[in-house]
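Report on the following structure.
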Amino acid sequence: TQLLEQSPQFLSIQEGENLTVYCNSSSVFSSLQWYRQEPGEGPVLLVTVVTGGEVKKLKRLTFQFGDARKDSSLHITAAQPGDTGLYLCAGVQGTYKYIFGTGTRLKVLA
Amino acid sequence: DVKVTQSSRYLVKRTGEKVFLECVQDMDHENMFWYRQDPGLGLRLIYFSYDVKMKEKGDIPEGYSVSREKKERFSLILESASTNQTSMYLCASGRGYTFGSGTRLTVV
């Protein structure tokens, strides 16, 4: 099964710090999605990026799609404890094929 | 808001039992999906359906079957549960996926 590589796998930071999570693949995607999953719950869609080079902002979260549409990054500014969770990227190929990343588990300490 | 409801949050079943996991969505989505989530392996697609009575195999269909008799309901069936099917099962619908809360299945 093809997977997207996410890095880092684990991240523990203090409240107020900045961080970046990376999602890399050798495959091209028509779009890429980011999800956040909290313990015991299903993933929740945060954003979809479609165009190469696209940047989207969601409050303190900035998402970028690589120019070649093979990779993406998620940057969080001034992290808060409420940002704690598992972050998943998912590359979309065609109509039904979603390839999920291995996940980045973030813990923000107060 | 779109809601995807999975019938059970936690299940414990015995090896060899037939297990039914139910998923219902309330937004008239055509596409519905079943994934399992395991540490280090990410989410893996088991089956999906793009219409009533239509189903397609995903990446890991062995040991599973599905049923979609009504548009809003997509069922995952473990024909004869085995311990290696212990996992978190997630149902999703739509294209920008809406996931259910998951069913944590333990097979003993």
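In this text, all values refer to a predicted model and were calculated from it rather than measured experimentally.
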[X] with [Y], same ILVMFWY side-chain cluster at under 4.5 Å:
X: B:V24; Y: B:L76; answer: no
X: A:Y35; Y: A:L86; answer: yes
X: A:L46; Y: A:L19; answer: yes
X: A:Y22; Y: A:I99; answer: no

Under 4.5 Å from any heavy atom of chain A - which part of [X]:
X: B:Q6; value: neither
X: B:Y35; value: side chain
X: B:R9; value: side chain

For atom CZ of A:R36, is the number of surrounding heavy atoms from other residues, nucleotides or ligands below 6.0 Å larger than 12?
-> yes
Enclosure of B:E17 CD (heavy-atom neighbours >12, cutoff 6.0 Å) | yes
Search all heavy atoms of A:L45 against all heavy atoms of B:Y97 and return the closest pair with its distance.
-> CB-O, 3.9 Å
Minimum heavy-atom distance between B:L90 and A:P43, given as atom pair plus value = CD1-CD, 3.9 Å
Given the options A:G103, A:G40, A:S31, which has more heavy-atom pairs under 4.5 Å with chain B than any of the others?
-> A:G40
To the nearest 0.5 Å, atom CD of A:E41 lies from atom CE of B:M88 at 8.0 Å
Give, as side chain, backbone, both or neither, the part of A:Q37 having an atom under 4.5 angstrom from any heavy atom of chain B.
-> side chain
